[in-house]
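Please read the structure below before turning to the comments.
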Amino acid sequence: MSTDPLHRPVPVPTRLSEPFWRGCAEGRLCYQQCADCGGSVFKPQDFCPHCLSSRLTWQQGSGNGVVYSFSVVWRPQTPAFEVPYVVAIVELDEGWQMMTNIVNCDVDAVYCGMPVSVTFSPISDDVALPFFEPSAR
Ligand SMILES: [Zn+2]
């Protein structure tokens, strides 16, 4: 049941992504790490993309990173998205990247290399979306 007043599409956790979404619901940004090569892995996978090991474990990240790249969206795909908003790839301190939104700042203030930290936005009773906001680091 959606508690989101904007009725945004709600992600459906899969076997692979369930630990990630559970972490988000609990306020933790999690990613996989390879026990053989130490590489960080995201999105969730069965095998390490660096060395093909299947020995992946879940880790809790710091939630800190920088904007790697971004775009400002002015035409929403559905009316559920209020424009303008920033779609960004954030590079996390642990060496992995994720696509997300930059929130709690003006779209014109976002730049590549901008320090950001995760903030979680509940979208249903069970799912919280990981967004990023400017950080004072
Ligand atoms: Zn590996």
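Values below: every heavy atom of this structure, side chains too, minus hydrogens, waters and symmetry copies. One is the number of the first residue; the rest follow in order along the sequence. Remember, it's 1-based here, ligands and their atoms both numbered in the order they're listed.
Remark: side-chain polar atoms of Asn101 are paired, donor with acceptor, to backbone N or O of Val86 under 3.5 angstrom.
For Phe20 and Phe42, the distance between ring centers is under 6.0 angstrom.
Hydrophobic clustering of Ile, Leu, Val, Met, Phe, Trp and Tyr side chains at less than 4.5 Å, counting indirect connections, unites Val103 with Trp74.
Other residues, nucleotides and ligands contribute at most 12 non-hydrogen atoms within 6.0 Å of the OH atom of Tyr68.
With waters neither drawn nor counted, the protein N/O/S atoms under 2.8 Å from the Zn ion (ligand 1) amount to 4.
With Phe132 as reference, Ile102 is the one residue of Asn104, Val110, Asn64, Ile102 to meet the side chain to side chain contact (heavy atoms under 4.5 Å, CB included) rule.
Scored by the salt bridge (Lys or Arg N to Asp or Glu O under 4.0 Å) test, Glu18 finds Arg22 as partners (sequence neighbours excluded).
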